[in-house]
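Just so we're on the same page: letters track the sequence lines, and every chain starts at 1.
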There are 2 protein chains.
Amino acid sequence: MTPRAYGQFCGLAHALDLLGERWTLLIVRELILGPRRYGELLAALPGIGTNLLADRLKALEANGIVQRSTLPPPASVAVYELTESGEELLPLVGGLALWGLRLLDEQPEGETARASWMALCMMAAGRRRGWRGAETTIAVTVDGERLWFCLAEDGITISEGQPRDADVRLTCDRRTFLALATGELTPDDARLEIEGSRRTLQRALTVMRLTIGEPAMHLSL
Amino acid sequence: MTPRAYGQFCGLAHALDLLGERWTLLIVRELILGPRRYGELLAALPGIGTNLLADRLKALEANGIVQRSTLPPPASVAVYELTESGEELLPLVGGLALWGLRLLDEQPEGETARASWMALCMMAAGRRRGWRGAETTIAVTVDGERLWFCLAEDGITISEGQPRDADVRLTCDRRTFLALATGELTPDDARLEIEGSRRTLQRALTVMRLTIGEPAMHLSL
DNA sequence: CGGAATCCTCTTCGATACTG
DNA sequence: CAGTATCGAAGAGGATTCCG
């Protein structure tokens with residue numbers, strides 16, 4: 001099943017046997033946001049090629065990191081989702097994303113960008129710093145992409161779609177969202193579409209603030 | 001430089017552009033233990049092939065993750081070592097190693113094994129749990145491989161070679177070391193070559209205990 | 001001898017076309 | 001919509017050779 005394994009009795013080598021091939025961790029990244037259909041994954045991963053996606057999903061399923069399931073009727077469509085082992089990758093994927101973010105140049109220049117990729121980094125940054133206070137839900141719509149954060153003392157989560165009840169709702173374009181995430185822009189000095197408390201949004205953004213292309217903030221385990 | 005980049009403005013995708021190719025993170029794993037010569041890396045990574053190692057090292061150097069330096073005279077040999085960015089990968093490499101370890105079968109069956117790979121996992125496990133108390137140095141010699149742990153309140157480190165002054169010295173073979181690491185064996189019930197306090201060794205092994213091939217201990221960020 | 005560059009074969013990737 | 005089949009191009013792995 002793994003024709004090109006490292007053949008080392010080592011946790012890292014084994015992790016890389018399971019996750020180290022091209023695209024695999026990006027598939028996991030997409031599934032962190034929730035169950036996904038085959039076609040959605042294909043669209044979210046420009047350049048992957050359908051055979052590769054099929055191969056990777058098969059391998060991930062065989063290794064117990066991803067499972068296929070069928071959404072309850074009336075949807076009744078097949079989706080892929082993370083298993084428990086797969087969910088445990090969240091802090092590692094988040095940590096890698098933060099590490100890579102600081103080494104990233106500011107300029108996309110031809111690169112595709114998605115709010116959910118930024119949001120994943122924001123979640124990871126927020127988990128590092130920790131949220132103190134009442135559970136807070138923040139819904140954002142960025143260039144039509146809808147997702148929401150839930151900040152609580154026992155962790156920050158992120159999902160696609162719309163929450164039942166949001167404390168704050170933010171609508172903007174991707175540039176503005178990035179500027180808010182990096183702290184370049186604050187909810188106050190911009191005329192943004194915000195429903196709810198700008199203060200609450202500000203607090204959340206501070207906890208989840210990203211640093212892009214900057215030397216080094218100290219990483220602790 | 002990276003002809004096969006993901007082209008996504010995403011921290012994770014960028015991290016994988018820098019680290020995601022085959023062998024790259026295993027090279028980082030080796031360098032976590034200290035600076036290494038080209039030939040040592042070649043020997044520590046069975047199967048890599050000399051051109052691949054040269055390519056990877058060049059890419060890692062170009063990306064500021066690894067740097068070449070020359071050991072002070074009289075050694076005066078060229079070695080590769082991690083930069084600050086490279087050092088920051090330690091918790092991530094450790095986390096991946098622990099994740100992979102639990103999905104690893106007990107059986108090596110033809111796989112090569114090294115005490116230092118186990119030791120890296122032990123360090124990561126120990127950092128999760130944390131060490132309370134006085135700084136403690138433990139030297140181990142496993143099938144001739146010498147390395148040592150330094151357990152302190154602000155983190156656990158591991159190096160190859162011999163410490164100036166060890167609180168405990170342990171000498172055994174790899175099987176015994178693995179059994180001690182997993183808690184299958186304790187310093188008391190084995191007749192081992194131990195210099196120093198068995199109690200201290202026991203405390204350290206408890207903090208750094210590994211679980212191999214077991215369902216799931218809760219991972220926190 | 002340590003530190004690579006070269007050559008050659010095999011596998012994997014990525015894109016397109018095709019099928020249940 | 002959810003994959004499988006096919007094929008040229010790029011990457012991996014091994015041996016050998018070159019350089020200092």
Side-chain angles (χ1 to χ4, degrees), chain A residues 1-8 13 16-27 30-31 35-63 66-71 73-81 110-112, chain B residues 1-8 13 16-27 30-31 35-63 66-71 73-81 110-112:
Chain A
M1 203 71 244
T2 51
R4 204 172 265 185
Y6 288 112
Q8 299 181 357
L16 293 174
D17 281 339
L18 301 177
L19 304 169
E21 281 178 303
R22 197 162 163 72
W23 295 109
T24 301
L25 275 176
L26 296 186
I27 294 172
E30 295 303 318
L31 295 180
R36 284 287 178 282
R37 304 177 58 165
Y38 186 89
E40 294 176 304
L41 290 172
L42 211 51
L45 299 168
I48 191 177
T50 172
N51 56 343
L52 255 279
L53 178 57
D55 286 355
R56 296 295 182 264
L57 286 171
K58 231 172 289 178
L60 283 167
E61 199 182 348
N63 292 321
V66 158
Q67 61 196 4
R68 289 187 59 153
S69 72
T70 306
L71 251 41
S76 299
V77 294
V79 291
Y80 295 89
E81 61 188 3
E111 299 197 324
T112 66
Chain B
M1 202 71 240
T2 50
R4 206 172 263 187
Y6 289 111
Q8 300 180 356
L16 293 173
D17 281 339
L18 300 178
L19 304 169
E21 284 180 302
R22 200 163 160 72
W23 294 108
T24 301
L25 275 177
L26 295 187
I27 294 171
E30 293 304 318
L31 295 181
R36 284 287 178 283
R37 307 178 58 166
Y38 184 89
E40 293 176 305
L41 290 172
L42 211 52
L45 299 167
I48 191 178
T50 172
N51 55 346
L52 255 280
L53 178 58
D55 288 353
R56 294 296 183 262
L57 286 171
K58 232 172 288 179
L60 283 169
E61 199 182 347
N63 292 322
V66 157
Q67 61 195 1
R68 292 186 56 150
S69 73
T70 306
L71 250 42
S76 299
V77 294
V79 291
Y80 295 90
E81 62 189 1
E111 298 198 324
T112 65

Whole angstrom is fine here: how far is it from CD1 in I27(B) over to P in dA4(C)? 12 Å
State which of dC13(C), dT4(D), dA15(D) makes the closest approach to the side chain of L52(A). dC13(C)
Is the phosphate of dA10(D), meaning OP1 or OP2, less than 4.0 Å from a side-chain N or O of R22(A)? no
Separation of dA12(D) C1' from L26(B) CG (nearest whole Å): 14 Å
Side-chain N or O of Y80(B) closer than 4.0 Å to phosphate OP1/OP2 of dA4(C): yes
Grab the CG-C1' distance between L42(A) and dT16(C) for me, whole Å please. 13 Å
Classify the side-chain pair S69(B)/Y80(B) by whether it contains a donor and acceptor separated by less than 3.5 Å. no
Nearest heavy atom decides the nucleotide; on that basis, is N51(A) or L57(A) closer to the 5' end of DNA chain D? L57(A)
Calculate the interatomic distance between E40(B) atom CD and dG2(C) atom P; express it in whole Å. 10 Å
Just how far is it from atom CG of L41(B) to atom CG of L57(B), taken to the nearest 0.5 Å? 6.0 Å
Can you tell me if the side-chain N/O atoms of R56(A) get under 4.0 Å from OP1 or OP2 in dC13(C)? yes
Any R68(A) side-chain nitrogen or oxygen under 4.0 Å from OP1 or OP2 of dG3(D): yes
Say you draw a straight line from OH of Y6(A) to CD of E111(B); how long is it, rounded to the nearest 0.5 Å? 13.0 Å
Does the side chain of Q67(A) come under 3.5 Å of the side chain of E61(A) through a donor N or O and an acceptor N or O? no
Between dC13(C) (P) and L45(A) (CG): distance, integer Å: 14 Å
Candidate nucleotides dG2(C), dA5(D), dA2(D), ranked by approach to the side chain of R37(A) - the nearest: dA2(D)
Would you say W23(A) and L53(A) make side-chain contact, with heavy atoms under 4.5 Å? no
Where the side chain of K58(A) is concerned, which of dT4(D), dT11(C), dC7(C) is the nearest nucleotide? dT4(D)
Output the rounded distance in Å from CG (L53(B)) to C1' (dG14(D)). 14 Å
Atom pair distance, as rounded to whole Å: CD1 in I48(B) and P in dG14(D): 11 Å
Of all the choices, dA2(D), dG13(D), dA5(C), which nucleotide is nearest to the side chain of A54(B) once you look at every atom? dA5(C)
Starting at CG of L41(B) and ending at P of dG3(C), how long is that distance when rounded to a whole Å? 9 Å
